[in-house]
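Take a look at the structure set out below.
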Amino acid sequence: RVPDKLDATRKATLRALKLFCVGLVLQGGFFHGVRSLTFGVDITQIRLMGILQRIAIAYLVTALCQIWLKGDDDVDSGLDLIKRYRYQLLAGLLITITYMVLLYGTYVPDWEYRISGPGSTEKTFTVKCGVRGDSGPGCNAVGMIDRKILGIQHLYGRPVYARSQQCSIDSPQNGPLPPDAPSWCQAPFDPEGLLSSSVMAIVTCLIGLQYGHIIVHFQKHRERIMHWLVPSFGMLVLAFAMDFFGMHMNKPLYTVSYTLCTAGTAGLLFAGIYTLVDLYGYRRPTIAMEWMGMHALMIFVLIACNILPIFIHGFYWGEPNNNLLKFIGIRA
């Protein structure tokens, strides 16, 4: 229930801004790594996007859709549910179409980037593109749009493709470049950029919102479970069909097939856990997951952003290497 739409909009915007700012601090380069006790970041080089920033954007758009884009129709069936929230579904469809048009229709020209070499020298690399619809690491529209809007200096500097066989002798770990490495191997790329994760994450959130509507409008367990299972299986079938016909699942680009696959899988898992806990009463096996769900942001901040390891490294005896991790036998 949203008695005051303007007040709800203000609260959602403020919450999203807080989350975005926390993401800037945690993933913008302020902390220099687990083994470095220094901190601080050059604003001209700060990474603008990240996981929390993506969540903030997706949350804000989804919250605004829930506040402003819902009807007053009575809900007695799945079709009634679609009718009541048709504008939210339309928003998700328009976002998806826009993403696909940009990803597969935008022309990507040749481009250059520079990296610092030994002795503060700079090396310039040229990436040959001149294509449309490429989903490879060097010539996709996602990276080009991020470079144009955010600036290449504000993108993630250690992308996952740097560990691929094309770019690392020690693949799947980081390592020296092979002699025939492509020119894009050392280029920055943000997997949580504007067009990739942030845009399609909105669609993921909108799908999750519809799953929540099922809880609100249907009271019987069987109705809820069926209304979760049918669209979940449908999304999985569509995802694998798109992958088979060339629109491959790609996490860094957050393609439509990847979005549908993850949303469908999450829906099946959600229905399964609901059946286990709410229908059959087996709550004890899921207590750990319940606690993790209630403290997800704290866990992410402490573990995924290395705050806890950095904190542990910060207390040492004589030398930074003599820390608690070494004492308990974990290689620092």
Side-chain angles (χ1 to χ4, degrees), residues 49-51 53-62 64-66 69 78 81-82 85-108 129 131-150 156 159-161 189-214 227-271:
M49 300 301 294
I51 294 174
Q53 295 94 309
R54 172 183 66 187
I55 294 174
I57 293 171
Y59 160 76
L60 178 60
V61 176
T62 305
L64 294 178
C65 287
Q66 178 65 9
L69 299 180
L81 191 70
I82 294 174
Y85 298 104
R86 58 189 179 277
Y87 296 117
Q88 295 180 8
L89 298 174
L90 179 61
L93 180 62
L94 290 176
I95 291 171
T96 302
I97 293 173
T98 301
Y99 168 83
M100 294 179 67
V101 168
L102 291 174
L103 177 63
Y104 296 108
T106 302
Y107 177 77
V108 181
C129 294
V131 295
R132 298 180 192 271
D134 191 279
S135 58
C139 297
N140 59 78
V142 168
M144 187 197 71
I145 290 174
D146 284 343
R147 292 190 296 271
K148 294 290 186 181
I149 297 178
L150 301 177
Y156 185 53
V160 66
Y161 57 68
F189 175 82
D190 210 316
E192 284 86 38
L194 291 174
L195 182 58
S196 58
S197 291
S198 297
V199 169
M200 291 308 296
I202 296 171
V203 178
T204 300
C205 282
L206 286 170
I207 294 172
L209 180 62
Q210 308 315 311
Y211 278 58
H213 291 155
I214 292 171
H227 282 96
W228 288 327
L229 290 180
V230 171
S232 295
F233 277 116
M235 285 187 287
L236 282 174
V237 170
L238 183 56
F240 283 101
M242 294 176 73
D243 185 77
F244 179 78
F245 287 105
M247 301 178 68
H248 298 299
M249 299 180 197
N250 188 317
K251 182 181 183 298
L253 300 184
Y254 219 110
T255 55
V256 177
S257 55
Y258 175 81
T259 302
L260 293 173
C261 181
T262 52
T265 303
L268 294 181
L269 288 173
F270 184 72

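Numbering starts at 1 and runs along the sequence shown. Values below: every heavy atom of this structure, side chains too, minus hydrogens, waters and symmetry copies.
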*Under the side chain to side chain donor-acceptor pair (under 3.5 Å) rule, what do Gln53 and Glu192 come out as? Steps first, then yes or no, please.*
CA-CA 8 Å; Gln53 295 94 309; Glu192 284 86 38; over 6 Å; no
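- Taking every heavy atom of both residues into account, Tyr156 and Pro191 meet most closely at CD2-CD, 3.9 Å.
- Taking 4.5 Å as the limit, some side-chain heavy atom of Pro252 sits within range of a side-chain heavy atom of Val160.
- Applying the salt bridge (charged side-chain N to carboxylate O under 4.0 Å, His left out) test to pairs two or more places apart or on separate chains, none has a residue in residues 237-264.
- In this structure, CD1 on Ile202 lies 12.5 Å from CD1 on Ile207, to the nearest 0.5 angstrom.
- Thr255 places none of its side-chain heavy atoms less than 4.5 Å from the side chain of Met247.
- Between Tyr258 and Asn250, the shortest heavy-atom contact is CB-N, 3.8 Å.
- Cys129 pairs by the disulfide bond (SG atoms under 2.5 Å apart) definition with Cys139, not counting sequence neighbours.
- How far CG of Leu260 is from CE of Met242: 6.0 Å, rounded to the nearest 0.5 Å.
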*Step-by-step side-chain contact (heavy atoms from CB on, under 4.5 Å) determination, Thr204 to Tyr254*: CA-CA 10 Å; Thr204 300; Tyr254 219 110; 3.3 Å; yes
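- Here the straight-line distance linking atom CG of Leu150 with atom CE of Met49 works out to 6.5 Å at 0.5 Å rounding.
- Atom CD in Gln210 sits 8.0 Å away from atom OH in Tyr85 (nearest 0.5 Å).
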Which side-chain N or O atoms in residues 227-240 pair as donor and acceptor under 3.5 Å with protein atoms at least two apart or in another chain?
{"unit_1": "His227", "atom_1": "ND1", "unit_2": "Glu223", "atom_2": "O", "d": "2.7"}
{"unit_1": "His227", "atom_1": "NE2", "unit_2": "Gly78", "atom_2": "N", "d": "3.4"}
{"unit_1": "Trp228", "atom_1": "NE1", "unit_2": "Tyr211", "atom_2": "O", "d": "3.2"}
{"unit_1": "Ser232", "atom_1": "OG", "unit_2": "Tyr211", "atom_2": "OH", "d": "2.6"}
{"unit_1": "Ser232", "atom_1": "OG", "unit_2": "Trp228", "atom_2": "O", "d": "2.7"}

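- A donor-acceptor pair is defined here as one N or O able to donate and one able to accept, closer than 3.5 Å; no such pair exists between the side chain of Asp190 and the backbone of Gly50.
- Atom-to-atom distance recorded for Leu60:CG and Cys65:SG is 9.5 Å, nearest 0.5 angstrom.
- Between Arg54 and Ile57, every side-chain heavy-atom pair lies at or beyond the 4.5 Å cut-off.
- Across all their heavy atoms, Gly193 and Ser198 have their closest contact at O-OG, 2.8 Å.
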Hey, can you pull the donor-acceptor pairs under 3.5 Å for the side chains in residues 93-105, sequence neighbours left out?
{"unit_1": "Thr96", "atom_1": "OG1", "unit_2": "Gly92", "atom_2": "O", "d": "2.8"}
{"unit_1": "Thr98", "atom_1": "OG1", "unit_2": "Leu94", "atom_2": "O", "d": "2.8"}
{"unit_1": "Tyr99", "atom_1": "OH", "unit_2": "Leu253", "atom_2": "O", "d": "2.6"}

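- With sequence neighbours excluded, no residue satisfies side-chain hydrogen bond (donor to acceptor under 3.5 Å, both in side chains) with Thr62.
- For Cys205, there are no disulfide bond (SG atoms under 2.5 Å apart) partners two or more places apart in sequence or in a different chain.
- In this structure, CG on Leu90 lies 9.0 Å from CG on Leu69, to the nearest 0.5 angstrom.
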